[in-house]
Number of protein chains: 2
Amino acid sequence: MLTIGNLSRRTGVKIPTIRYYEQMGLLAPPERSEGNQRRYARDECDRLAFIKHARDLGLKIEAIRELIELSAHPNQPCADADRIAAEQLHAVRERIGKLRKLERELARIATGCDGEQIKDCYVIRALASHDLCEDEH
Amino acid sequence: MLTIGNLSRRTGVKIPTIRYYEQMGLLAPPERSEGNQRRYARDECDRLAFIKHARDLGLKIEAIRELIELSAHPNQPCADADRIAAEQLHAVRERIGKLRKLERELARIATGCDGEQIKDCYVIRALASHDLCEDEH
DNA sequence: CTTGAACCTCTAGCAGCCTGAGGTCACACA
DNA sequence: TGTGTGACCTCAGGCTGCTAGAGGTTCAAG
């Protein structure tokens, strides 16, 4: 049996976040001590590690809830779990694509300024007008 | 003089967002009609385009506020503006780096499942344990 | 003068937490 | 057995950057 603080230290998930996950239905409400404090069993610890890992990978709470439900039915086909992972991969690739466009433009803006005063500053001018942009956005 | 609706159409910034920017101090409170409706001059339109451009590039409201203040002092040196752009570039590059790690791991997870049932599903197993990860995270 | 679109303010909501107030519990030490 | 203190409890409110809706007013065309 772990206190919430121990669980937090073991998993690296902050205490208020653990309580939040419980509220959101990702973690089952744990047993309580006589004085109403949460006491966690080991498998709750595993489940929290699962949640943290999924969050670190950028999955939304809702997607994680789905995966947890899926994992409760070990004999069902796993196409849904695969779909969730594939969707997440797709979303990540889209974000990367967008960020790389931004990177290019910011690099141009950030390195392009050789003015000395605000009135000549390329950063300020580039932000003020799209005429200095390479692609549409 | 533009109504808020015209300003919105010209800049592509939604009306509630314009009011929000005013509330956040990015846009000066504009003149009002007799009936208390906002009436914008052209330079407000430019400023809003500046804000939108910066937001599209991922700059935070706070950073934009700084830039606006800077641009109000055209004879100051522009090192601060350059710094803000450089910081933003750095942040974008960090986000890209993290996302590419995620991409690699998700690709492995999403394509690695050849099980048919949840209990054999690589997606579920990979999320449950870091043992299947390639790098630390 | 009427209609209907566009505007106003204010409140509340979204994700995914974090912080703080005000109070209780657990446990070691004297 | 008392006491200190650190960990815990709940609940409310805050954060970013908007968005949506209620309920009411104004503007401009016909």
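This structure is a prediction, so every number in the text was calculated from the model and none was measured.
- Within residues 19-45 of chain A, the residues approached by DNA chain D to less than 4.0 Å at the level of any non-hydrogen atom are A:Arg19, A:Arg32, A:Asn36, A:Gln37, A:Arg38, in residue-number order.
- We find that CD1 of B:Ile15 is positioned 12 Å from P of C:dT9, with the value rounded to whole Å.
- One interatomic measurement links the two molecules: CD1 of A:Ile4 to P of C:dC25, which rounds to 17 Å at whole-angstrom precision.
- Looking only at distances, no side-chain donor or acceptor of B:Arg95 sits under 3.5 Å from a matching main-chain atom of A:Arg95.
- Considering only residues two or more places apart in sequence or on other chains, A:Thr3 meets the side chain to side chain contact (heavy atoms under 4.5 Å, CB included) condition with A:Asn6, A:Arg39.
- Contact record, B:Ala107 with B:Thr111: O-OG1, 2.7 Å, taken as the closest heavy-atom pair.
- In this structure, B:Ile18 atom CD1 and D:dA20 atom C1' are separated by 16 Å, rounded to whole Å.
- Classification of A:Asp43 and A:Arg47 as a salt-bridged pair fails, no side-chain N sitting under 4.0 Å from a carboxylate O.
- Between the P atom of C:dC7 and the CG atom of B:Leu7 lies a distance of 10 Å, rounded to the nearest Å.
- Rounded to a whole Å, the CG atom of B:Asn6 is 11 Å from the P atom of D:dA28.
- One interatomic measurement links the two molecules: CD of B:Glu62 to P of D:dC18, which rounds to 14 Å at whole-angstrom precision.
- Every salt bridge (Lys or Arg N to Asp or Glu O under 4.0 Å) that A:Glu66 has, sequence neighbours left out, goes to A:Arg83.
- In this structure, A:Met1 atom CE and C:dC27 atom C1' are separated by 19 Å, rounded to whole Å.
- D:dC15 atom C1' lies 10 Å from atom NZ of B:Lys60, rounded to whole Å.
- Picking from C:dC18, D:dG17, C:dC7 the nucleotide with the shortest atom distance to the side chain of B:Ile61 gives D:dG17.
- Nearest-nucleotide mapping onto DNA chain C: of A:Thr17 and B:Thr3, the residue sitting toward the 5' end is B:Thr3.
- Under the side-chain contact (heavy atoms from CB on, under 4.5 Å) rule, A:Glu31 has a single partner from A:Met1, A:Gln37, A:Arg38, which is A:Met1.
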